[in-house]
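Here the structure comes first, spelled out in structure tokens, and everything after it is commentary.
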Number of protein chains: 2
Amino acid sequence: MKKETRKEEIIKVAAALFKEKGYSAVTMRDIATDMDMKAASLYNHISSKQDILKDIIIKLAEAFTNGLTKIKNSQATSLEKMEAIVALHIKITSSNTDGMASLNNDWMHLEEKLEYYLKLRLDYEDDIRFIIKDGVFKKEITAVSVDVILFSVLSTLRSLYLWIPKKEDLNPEKLAKELSKVLINGIAI
Amino acid sequence: MKKETRKEEIIKVAAALFKEKGYSAVTMRDIATDMDMKAASLYNHISSKQDILKDIIIKLAEAFTNGLTKIKNSQATSLEKMEAIVALHIKITSSNTDGMASLNNDWMHLEEKLEYYLKLRLDYEDDIRFIIKDGVFKKEITAVSVDVILFSVLSTLRSLYLWIPKKEDLNPEKLAKELSKVLINGIAI
DNA sequence: TTAACTAACTAACGATTGTTAGTTTAATAA
DNA sequence: TTATTAAACTAACAATCGTTAGTTAGTTAA
């Protein structure tokens, strides 16, 4: 029960198609064509189209949750934690930009796992909101609306999947440094 | 307060459904159900499903292009222009959050109008990139990567459609002020 | 009144959808 | 050798898709 390479290939090919056209617009025959096989043959490896989406999204969502847990339990300052969150998003996203497209755009088609996903996402946002609030309290972060800060930072990080593939020469550490600088210090001189 | 035409009603209902499930997952029968009619009756008012999407997206894309043209031809400083761009996005997005979901997520299904849309989007990004470059040259904007700044700002503005509907008491001017402050001055004290 | 128009309807179309059943082929294990 | 297994195949299914054709009822214009 460990011969999952073929299954993983299918999921990878499917994720690329899901990014290009969206989950609903991709047919099992599309995935099969890119795998050089017939649609029915896919079912030797996966149990349903739905199951492919679940695999893609839940794995990524749990990676974010696990990454954030380490950060929030660390001894870093609030701003250092924000920098670590930026680095976490760059690390996970650059390892799977296709899958991140599904996570961002097709989570509503999860059905059985939808509730679980929504809980992970809500908890994730709450944890970051707490880090920001703590930063404001400790006078590390400006006292403009916490929600505006949360929204602004998270929107940028959640869009990385669109942008990272365009940078052919990606240096994750350099990007993390520059992006942290822009998000934390702004763009004004 | 002129009465909406039947076609406009359909487009509005369709946009709400497109936001909820994505263009491909919405059927003509879904739209008809929400309009309290049969799917075939929709064709007395619209020519195709595709045409609904085109109406939604192109109208918005042109509104952005027109708005940015005024800003770039103004005498404002680079930072003032950036603030005006923030306000432009808030204004257009808050007037049609449903449509903005299609613009962001379903543009790839435009078919005949796809090329035109892509040109508008590319020109839009180039215009903002120029404003940022000019700001760096005039020492109003920090000399970190222009693309990182462009990406960060535009990602946030393009995600407004997800966030504005959650703020039941939206004050566009106040939001523009706060968001500009966060994007331009950052979050650090 | 008559004619034209608007906006709904029923019925159905060919195409495509995700998926199942049963079969075949080649490689590996006994 | 024989048996087993993995991974492909063909054929087909019921359901659903966007859309068309033709009809009907109510409203407006002449």
Side-chain angles (χ1 to χ4, degrees), chain A residues 1-58 98 101-102 105-114, chain B residues 2-58 98 102 105-114:
Chain A
M1 224 158 276
K2 63 198 166 185
K3 224 164 192 226
E4 294 195 312
T5 58
R6 207 77 177 117
K7 178 174 181 176
E8 283 168 349
E9 274 185 79
I10 292 171
I11 290 173
K12 204 169 137 189
V13 163
L17 285 168
F18 291 167
K19 180 181 183 186
E20 197 182 286
K21 311 201 286 174
Y23 172 76
S24 300
V26 173
T27 71
M28 296 305 280
R29 285 161 183 86
D30 289 336
I31 300 172
T33 298
D34 279 18
M35 287 292 295
D36 281 316
M37 58 168 72
K38 300 291 177 180
S41 307
L42 295 169
Y43 289 82
N44 285 319
H45 308 282
I46 52 97
S47 60
S48 66
K49 185 189 178 188
Q50 182 83 207
D51 196 55
I52 299 176
L53 186 69
K54 187 200 72 188
D55 255 56
I56 293 171
I57 293 181
I58 299 299
D98 292 340
S102 296
N105 303 322
D106 289 316
W107 54 267
M108 70 284 278
H109 301 114
L110 275 175
E111 301 197 355
E112 325 103 50
K113 286 282 182 179
L114 177 58
Chain B
K2 72 158 197 249
K3 202 175 147 208
E4 265 183 329
T5 68
R6 211 78 176 109
K7 177 172 180 177
E8 285 167 344
E9 277 186 78
I10 292 171
I11 290 173
K12 204 169 138 190
V13 162
L17 285 167
F18 292 167
K19 180 182 183 185
E20 196 184 314
K21 311 201 285 176
Y23 172 75
S24 301
V26 174
T27 71
M28 295 304 280
R29 286 163 181 83
D30 290 336
I31 300 172
T33 298
D34 280 19
M35 287 290 297
D36 281 317
M37 57 169 73
K38 300 290 176 179
S41 307
L42 296 170
Y43 289 83
N44 285 319
H45 308 281
I46 53 98
S47 60
S48 67
K49 185 188 178 188
Q50 182 83 209
D51 196 55
I52 298 175
L53 185 70
K54 186 200 74 187
D55 255 56
I56 294 170
I57 293 181
I58 298 298
D98 293 339
S102 296
N105 302 322
D106 288 316
W107 55 266
M108 69 285 275
H109 301 115
L110 275 175
E111 303 198 354
E112 326 103 50
K113 285 283 183 178
L114 176 59

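Numbers restart at 1 for each chain; the letters A, B, ... are given by sequence-line order, proteins then strands.
Atom CD1 in A/I46 sits roughly 10 Å away from atom C1' in C/dT19 (whole-Å rounding). At whole-Å resolution of the value, OH in A/Y43 and C1' in D/dC13 are 13 Å apart. As a whole-Å value, the separation of A/M35 CE from D/dA8 C1' is 11 Å. If you measure from atom CD1 of A/I52 to atom P of C/dT17, you get 15 Å, rounded to the nearest angstrom. Remark: P of D/dT20 and NZ of B/K49 are 15 Å apart, rounded to the nearest angstrom. Atom P of nucleotide C/dT19 and atom CD1 of A/I10 are separated by 13 Å, given to the nearest angstrom. Between the CE atom of B/M28 and the P atom of D/dT19 there is a distance of 6 Å, rounded to whole Å. Rounded to a whole Å, the CG atom of A/L42 is 10 Å from the P atom of C/dG18.
Atoms CE and CG, on A/M108 and A/L53 in that order, are 10.0 Å from each other to the nearest 0.5 Å. Within the model, atoms OG of A/S47 and CG of A/L42 stand 11.5 Å from one another, a figure rounded to the nearest 0.5 Å.
For the side chain to side chain contact (heavy atoms under 4.5 Å, CB included) with A/F18, the lone residue among A/I56, A/N105, A/D98 that qualifies is A/I56.
Put simply, the side chain of B/S41 never gets that close to the backbone of B/M37: no donor and acceptor are under 3.5 Å apart.
In terms of heavy atoms, A/W107 sits closest to A/L114 at O-CD1, 3.5 Å. For the pair A/S48 and A/Y43, the tightest heavy-atom approach, listed with the atom from each and the gap, is CA-CE2, 4.1 Å. For B/A32 against B/K38, the heavy-atom pair with the smallest separation is CB-C, 3.5 Å.
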Any chance you could encode DNA chain C as dot-bracket? Rule is Watson-Crick or G-U wobble with both distances under 3.5 Å; [ ] for pairs crossing earlier ones, | for another strand. ||||||||||||||||||||||||||||||
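More than 12 non-hydrogen atoms from other residues, nucleotides or ligands lie less than 6.0 angstrom from NZ of A/K21.
In terms of phosphate contacts, B/H45 brings a side-chain nitrogen or oxygen within less than 4.0 Å of OP1 or OP2 of C/dA8.
A cation-pi geometry, defined here as NZ or CZ lying under 6.0 Å from the six-membered ring centre and within 45° of its normal, holds between A/K49 and A/Y23.
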Which letters describe nucleotides 9-16 of chain C, given B = protein heavy atom under 4.0 Å from base, S = only from sugar-phosphate, - = neither? BBBB----
